[in-house]
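So that the names make sense, note that chain A is the first sequence line, chain B the second, and so on, each numbered from 1.
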Amino acid sequence: MKQEPITIEDFKEFFSKIVRIRTIEQAIAERYHAQEMKCPMHLSIGQEGPAVAISMQLNASDKMLSTHRSHAHYLAKGGNLTMMISEFFGRETGCSGGMGGSMHLIDKSCGFEGATAIVGNTIPIAAGVALSQKLSKSKNITVVCFGEGATEEGVFSETLNIASVKNLPLIFFVENNSYSVYSPLAPRQSINRHITKISEAHGIKSLKGNGNNIEEALAISLEATTYVREKRKPCLIELETYRYLEHCGPNNDDHIGYRTKKEIDFWKSYDVIANAKKAIKELGVSPDSLEKLIQENTKEEIDNAFREATLAPFPKIERSISYEYA
Amino acid sequence: MKQEPITIEDFKEFFSKIVRIRTIEQAIAERYHAQEMKCPMHLSIGQEGPAVAISMQLNASDKMLSTHRSHAHYLAKGGNLTMMISEFFGRETGCSGGMGGSMHLIDKSCGFEGATAIVGNTIPIAAGVALSQKLSKSKNITVVCFGEGATEEGVFSETLNIASVKNLPLIFFVENNSYSVYSPLAPRQSINRHITKISEAHGIKSLKGNGNNIEEALAISLEATTYVREKRKPCLIELETYRYLEHCGPNNDDHIGYRTKKEIDFWKSYDVIANAKKAIKELGVSPDSLEKLIQENTKEEIDNAFREATLAPFPKIERSISYEYA
Amino acid sequence: MNMLNKNSVKELKQNKRINNFADGIAAAFFDSMRYDPTVLAFGLGATDPKNIFGTMAGLEDEFGNERVFDTPISENAMTGMAIGLAISGYKPVLTHQRLDFSLLSIDQIVNAAAKWYFMFGGQQSVPLVIRMIIGQGWGQGPTHSQALQSWFAQIPGLKVIMPAFPKDGYNLFRSSIADPNPVIFIEHRWLHQMSWNGEGRVVSPTQLGKSNQISTGSDITIVSNSIGSVYSHHAANILKKYNVGVEVIDAFNLRDFDINSISKSVAKTGRLLTVDFSHQFCSIGTEIIAQVLPLNFADLKIAPERIALPNFPVGTSFNIEKDFYFSTIDICKKIESMLNVTFPNIDDELKEYQSSSKKRFDGPF
Amino acid sequence: MNMLNKNSVKELKQNKRINNFADGIAAAFFDSMRYDPTVLAFGLGATDPKNIFGTMAGLEDEFGNERVFDTPISENAMTGMAIGLAISGYKPVLTHQRLDFSLLSIDQIVNAAAKWYFMFGGQQSVPLVIRMIIGQGWGQGPTHSQALQSWFAQIPGLKVIMPAFPKDGYNLFRSSIADPNPVIFIEHRWLHQMSWNGEGRVVSPTQLGKSNQISTGSDITIVSNSIGSVYSHHAANILKKYNVGVEVIDAFNLRDFDINSISKSVAKTGRLLTVDFSHQFCSIGTEIIAQVLPLNFADLKIAPERIALPNFPVGTSFNIEKDFYFSTIDICKKIESMLNVTFPNIDDELKEYQSSSKKRFDGPF
Ligand SMILES: Cc1ncc(C[n+]2csc(CCOP(=O)(O)OP(=O)(O)O)c2C)c(N)n1
Ligand SMILES: Cc1ncc(C[n+]2csc(CCOP(=O)(O)OP(=O)(O)O)c2C)c(N)n1
Ligand SMILES: [Mg+2]
Ligand SMILES: [Mg+2]
């Protein structure tokens, strides 16, 4: 947890973490083709910035919840890599015992309380987690991550309202990648609709910026977490970002034409890793050796995780019966 | 339908209509104690202003939908009184064949498309009605009436969004009486939450005023309907008002203490009928004889309606079976 | 704002204020919250002057507005919030004045609460009670009277509990709150006036059971729940006078009824009737019959039958309502036809019970 | 944005692009919209490059973006909007890529669509189709694979239609769109690849029927729907070789199945098995059994039985999935035990069908 002004160390930490996550996600994408990770998978490549920026302001006893696209959040918050990979392989040792797959991750040991697959589903649940923090007079806060698409679900507004009424220590963390599956914003949200204005209209402090911009993402995350921690009131963050691969699955689907080349090129030229490198360089540190180091360490981590995952036993259906009731 | 500036004739029409509706509602309240109208009943006494103000800007081919508290809307829009009373008496000749009761009114002949009893339920349905007007290139518009409580349901925001995306000729007509049943605003909506700001944040023109103030209610209604008719875009109106009787039922429940005497006194001193009288008097017309005339005519109407209702046959259960499927 | 003062809280503690089923629910709330500080109680109207038909009276005064509170009209978010509390060490109880309102929160109930423990591999249970009241009569009509207990019972991961008698109401509510799973606790509004004096209140709730046998007999087995059990109990009493033995099993745990007791009873009686206040189609009685068949096929003297509500909504008109809902008399007549006998003067015998079961809810609410 | 061009629209008109069940749905959309200008088609992804597994391909090009459109992720409002259109002279079809997503719109489905015609005394019907696709396999897991057809079937006022074979898919979808009531039209994703060449397309849809008898036999009656009917059909074919006559009734109209045909068949065979891809508890098979009992109690040689999905969610792991879903072989083995016979070398006979039924969906979607 960091509440002081952003330092070069923060930049390096940010950089290391996004490189690690991208390396992991790329490894998953490559190995997905072997058809052994048999579950729908929504990769975070391109969108690592927001997840890392916010998580750097959190400690293990702060809570986070997320959605179908949660790998980056899980990892940034400190989730166990081997257990995540084992979950993709449908093993008993997976972080959800093989029951949930990529869309249902959890690691309570680091405060990652759960990600679920129904759009908007965890938003009000996070309000309950935040209310528990309020009731128990905890100093911790809760962050719920979701896409701009989830703001179209009514439960988003309902939760803004209750968070405001009850002064919950809750951050609504919106990653706006402009798409819901293949659908652009136009048929979904009026150009005169503004997510931060909606939250402000509920009496909630709201911040907006570019999630691929390291300074902006870190500054906003710091401002928001500081505010929520101190004021014990909710806050909404909207960070723009972009996903590089298809909505679901390991491939690039730029050829099917739902996004313009211009748009894709713009965002790739504004890649969070490239941006972070530049920022670090401007501070006088060469990022390349750090990048290489992280990549190598992560590859080792990945190999271990995949090895352990593939060695682990499968759950039996008899075991899943016992998960129906506690 | 009126789109010109407001005239003395408008004031007189407004006054006549609110007096008629109040006279009817009071008669219902009185006769409810005979226990022959066996259904939950949410009276509009005190809240007649908004219903009449908006309906005066509508013609029979404009559409309206409403909620559990819909008597004033139904009557102002031109709904058949005898069929409404017959519905309360559970008769076959009721406007809903005795199946719906007070909470489910309909009169398609005057564009009253239906009122339902689940809070927020008709809001998106009205969007569909408005979309049908758009698709069929009709010049008509749709109004959906609901209380401030209904804005707490997620479907309210969802519908604001789709109305804005699709430029629907739809008026969101919010009657803010500060209460949901016995619950004041405090546990339900933050004081920093503003309904008109929420709709504006969705890109929707929004107007707010006092629904018991004849000039304001009429001016806002005229502005909104003119805008929606011409621009073919949605608009939200929030009118403050106050209900005099209990939430549900024919009695006054001021003694149970969920509303302060001060508040009740304030609103009763700002009664829409008294206000309208004053306004008319200021324009040089004495309202008293008009009031008397309307009351007398309405009493006759009421007596007829109740007589016809009590003479009508009850539906048989066999008949209700046939209403399951068309 | 609360109509009760500290004095009546004291009365509640001493059972003095407990007169009926509704008070029993209030007592169960009270005791659960007293003995377990993690229990929370909220819902639309929870703290208003009527306190949900009195069932939450005095709670806010006693336990404060952090543990007992009113909410916005946002059923889906409130359910999600309850889940979030439940996975964070609390035991929330969310109340809906009408079952119908819970339909706005089905995503949270079915996709989240019911599956959380399962989909995260048994790591985190969801000790949550969603209390729903079925309102019927006085023209509640199609959208304020739905009895969807069989519908909820179809969902894996939910428990559905529907008590019949006041003391069971108290105990089952306590057990539901203590249970680590999401429990849909359904009260039929007509039961609220059944009398109870609060005797038998306990410090620690027992584990949720499956069913109670409430009468013994060797001619026919009835499996029922909630108000259906009350009527069946009346029917059993009346038919004793005709030397007909009706064994009534109150299967209050709808997804987890005690099929062994039922099967044993059917082995004895050879006849099975299910009585159930939900639409008949795919009702819980239907499931009971299907489960009994492979176990007792050879024992059955006649085909099992069902009494339930018709398969269409109820109209508001009183004239519709009076034919829509069945009562003790319909159970007696069904047994008459199943046993192929006649009960002379049964209408006279019924009168006493009829009037008690006619003491229904008369509006406006 | 659409992957089809005018050329392939022409191909669709000429059946040239129709190869399977999914194409048949596209053809039904196409024909319904062509012959009835009030038909509208929308839903999340309706106009995206994948067009809901191809089932809506070409529609936007042909009918324009006022009649065919993509939507926000607002299931409840979209359903309400569809109802509003339906009561205003249109026939909307709303598509959900997964049945599970419809759970956010239960208020509109159950409290509004299902009750509108009823609660307004038969004045205004709601000609609405809500199309839901059940996705199973490839780790869809607990919240992306729910088969809640029996659950929807419990709701009065809804029709629930679940086709098995491609041509029926086409016809039933056409009839559902033409029906004046709200229809829940459910496709099992595994059927989408079953081949059909589009022969038999019609200008005017027929009225919604109740069931089809798809094989004749005198030893046992199977009542099934959707993919259950496909497997049952396979089983009937295989068991012919063992001289066992299996009469399969595909009861695709879940709330309004043809109880007379079923009863007649059971009168002949004396044995009843229901096959149903929903959780067993309170499933549609359960209702069928309960309705048959009073009609055929004397005819029954053995207790009716059910094959259905287990009463808990499916885990994501492939190792769970493979044991969770039943197939043709399980139906054959169930019949073996019900008839108390053995089918030698049945595994060999099954191979051909097994491989076809194993041709399941392999992700990632
Ligand atoms: C209620 C619901 N509706 C639809 C879906 C299908 N779906 C899965 S992800 C997704 C897109 C969500 O968009 P967004 O919230 O912006 O997240 P992103 O995928 O862009 O990260 C959709 C529509 C779903 N899972 N749940
Ligand atoms: C979904 C739902 N939740 C709760 C209720 C119970 N209820 C009936 S009216 C009402 C109050 C609504 O308040 P508001 O919308 O402000 O309308 P008002 O009664 O003030 O006119 C409530 C909560 C309901 N009918 N539907
Ligand atoms: Mg997005
Ligand atoms: Mg109000």
Side-chain angles (χ1 to χ4, degrees), chain A residues 118-125 127 131 134 146 148-168 170 172 174 180 183-206 208 227 231-236 238, chain B residues 118-125 127 131 134 146 148-168 170 172 174 180 183-206 208 227 231-236 238:
Chain A
I118 299 292
V119 170
N121 187 262
T122 46
I123 300 177
I125 297 175
L131 180 54
K134 182 180 170 180
F146 51 93
E148 89 295 339
T151 69
E152 297 155 18
E153 294 286 9
V155 78
F156 167 62
S157 299
E158 292 185 359
T159 311
L160 288 176
N161 182 36
I162 192 70
S164 184
V165 169
K166 285 205 161 300
N167 289 324
L168 300 180
L170 175 61
F172 296 89
V174 187
S180 155
S183 302
L185 286 170
R188 302 189 288 121
Q189 300 180 19
S190 154
I191 45 163
N192 300 314
R193 176 186 190 267
H194 302 284
I195 294 170
T196 49
K197 284 201 184 149
I198 294 173
S199 45
E200 278 167 4
H202 284 88
I204 292 178
K205 181 186 172 80
S206 304
K208 182 170 174 169
Y227 170 84
K231 303 273 189 224
R232 311 311 291 172
K233 281 187 180 178
C235 181
L236 179 138
E238 178 185 356
Chain B
I118 299 292
V119 170
N121 187 262
T122 46
I123 301 178
I125 297 174
L131 180 55
K134 182 180 171 179
F146 50 94
E148 89 295 339
T151 69
E152 297 155 18
E153 293 286 9
V155 79
F156 166 63
S157 299
E158 292 185 359
T159 310
L160 288 177
N161 182 37
I162 192 70
S164 184
V165 169
K166 286 206 162 300
N167 289 323
L168 300 180
L170 174 61
F172 295 89
V174 187
S180 155
S183 302
L185 286 169
R188 302 189 289 121
Q189 301 180 19
S190 154
I191 45 163
N192 300 315
R193 176 187 190 267
H194 302 284
I195 293 170
T196 49
K197 284 203 183 148
I198 294 173
S199 45
E200 278 166 4
H202 284 87
I204 293 178
K205 180 186 173 81
S206 304
K208 182 168 175 170
Y227 170 84
K231 304 275 188 221
R232 312 309 294 170
K233 280 186 180 178
C235 180
L236 180 138
E238 178 185 357

Q) Residue by residue, which of residues 157-164 of chain A have a heavy atom closer than 4.5 Å to a heavy atom belonging to chain B? A) A:Ser157, A:Glu158, A:Asn161, A:Ser164
Q: Identify, with sequence neighbours excluded, every residue that meets ring-ring contact (aromatic ring centres under 6.0 Å, His included) alongside A:Phe146.
A: A:Phe156
Q. Is there side-chain contact between B:Val165 and A:Arg188, with heavy atoms separated by less than 4.5 Å?
A. no
Q | Approximate separation, where rounding is to 0.5 Å, of A:His202 NE2 and B:Lys197 NZ | A | 12.5 Å
Q | Residue A:Glu200 versus chain B: region with a heavy atom under 4.5 Å | A | backbone
